[in-house]
Number of protein chains: 2
Amino acid sequence: MSSDPTLFTSTEKAGDQTRMALILAGIRLFGAKGYEATSTREIASAANANIASIAYHFGGKEGLRLACAQMVGRRIHGVVGPVLASIDPGDDPAKAQAAFELVIMGVADFLLGQAEARDIASFMVREMGVPGTVFDTVYAEFILPVHRKLCLLLGLATGQDPESDLIRLGAFSIAGQVIYFRIGHAVVARRMEWEIAGPAEIARIKTIVLGNIRAFVATNRKSLP
Amino acid sequence: MSSDPTLFTSTEKAGDQTRMALILAGIRLFGAKGYEATSTREIASAANANIASIAYHFGGKEGLRLACAQMVGRRIHGVVGPVLASIDPGDDPAKAQAAFELVIMGVADFLLGQAEARDIASFMVREMGVPGTVFDTVYAEFILPVHRKLCLLLGLATGQDPESDLIRLGAFSIAGQVIYFRIGHAVVARRMEWEIAGPAEIARIKTIVLGNIRAFVATNRKSLP
DNA sequence: GTCTATAAACAGATAGAC
DNA sequence: GTCTATCTGTTTATAGAC
């Protein structure tokens, strides 16, 4: 479907407007309440559209779900793709580590940030627990390329084989921290006695994760000079 | 299953049997598919009980949800409570660190293990994203006491203030890794090319987390002798 | 306590006018 | 493309026999 030079700007027919509104409302509501807990009536209402328009544009509720996933995949790919591509650490361990830290901090900003990305993050994380078409889409378009790059950088930084268990699981353990702080935010906030999750709180979390990255690299470096 | 002196043995009337079966089926299905995605018919069928019995015993679907949460809270408290109470590191940093590692490895075994605990873990993690009565129950009976103890041990091991940001968030970052490996298991398994999640895979994950714990302690130790 | 039968509300999907 | 009205199935909850 689509064309899509950047996203949907060039081919803005009349219907694409409500189509887009439905997808955005879908991402928001599916992310906030879950797929099953969200009714098509809610979505249509939130998008200021008619109930029947979901069937017209996407064939049904499940079609909307898939369209949301593809939208999320495209959006993320557009944001994170260029960043990953621009990284070229050569074979300098220090540069590789700096790049690794940069990517993780970027993911943290994306996942923990306040903006519209919050809906996308919620939707994505939720779908990761339900194997299916959406899972495959997000895995292929976001998880796999990002994780591969992370392994490459972490392998360079430590001098370890990028595809070893240590590096692959190590990268997951670091990225997992960020994801946990996203999912378990309510728990963390209650324990930390945070009223809201503002930039100051996000910064504190990032400091901890950054420390853990450096501790990992320092501890797992292969050749100690 | 069942028996369990500290749970429901003393007042084992006739109806308590189906009541228990409904709760167990509820935990399993709510955990696997989510609350909204699970119908009362499914639960009753899985528990070999009648649909009307849910309303009779719990007042309705929401009542069953709460009963499941209380059951989970009681169960976890019964398992983890004695362990936490038995720990007395005195003021020996090395002993405190060993105890911390022991607790986290225990949590990992619990969350990642194959057994019935898997249902409990799924149910618990799922409810953590939905603030409400269930959230409060699990937080008060499991998260808070365990996290407090973890902070105490980690504070002792590093020589830092147990209620400092560093220690509280650090404890979350370590426990969060384990929780992530539970939630994101499908992603990790696909990337690692694991067919199933057997004891060998759990052991590999535990090795990584253990390394991260030691790296954290080594890096954040206050008084370097 | 357990069951059948049914009520009342709600879900997603669709037909057809415009 | 968008709308209203409606169909069909399923949901939770309940009434009442046993």
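Throughout, protein chains are lettered first and strands after them, A, B, ... in sequence-line order, and every chain is numbered starting at 1. The structure displayed is predicted, hence computed values, not measured ones.
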Using whole Å, report how far [atom1] of [X] lies from [atom2] of [N].
X	N	atom1	atom2	value
L22(B)	dG1(C)	CG	C1'	12 Å
H57(B)	dG1(C)	NE2	P	7 Å
F58(A)	dG1(D)	CZ	P	12 Å

Can [X] and [Y] be counted as an ion pair, charged N to O under 4.0 angstrom?
X	Y	value
E163(A)	R191(B)	yes
E141(A)	R75(A)	no
R190(B)	D136(A)	yes
K33(A)	E36(B)	no

Enumerate, in order of first residue number, the stems that involve DNA chain C, defined as 3 or more consecutive Watson-Crick or G-U wobble pairs with both distances under 3.5 Å.
C:1-10 with D:9-18, C:12-18 with D:1-7
Readout for nucleotides 4-18 of chain C: B = base within 4.0 Å of protein heavy atom, S = sugar-phosphate only, - = neither; 5' to 3' it is B------BBSB----
Quick one: does NZ or CZ of K61(B) land under 6.0 Å from the six-membered ring centre of Y35(B), within 45 degrees of the ring axis?
yes
Non-neighbouring partners of R41(A) that pass salt bridge (Lys or Arg N to Asp or Glu O under 4.0 Å), sequence neighbours left out
none
Would the distance check show the side chain of Y180(B) and the main-chain N or O of V178(A) forming a donor-acceptor pair, the cut-off being under 3.5 Å?
no
Is there a donor-acceptor contact under 3.5 Å from the side chain of R182(A) to the main chain of L111(A)?
yes
Any T18(B) side-chain nitrogen or oxygen under 4.0 Å from OP1 or OP2 of dG1(C):
no
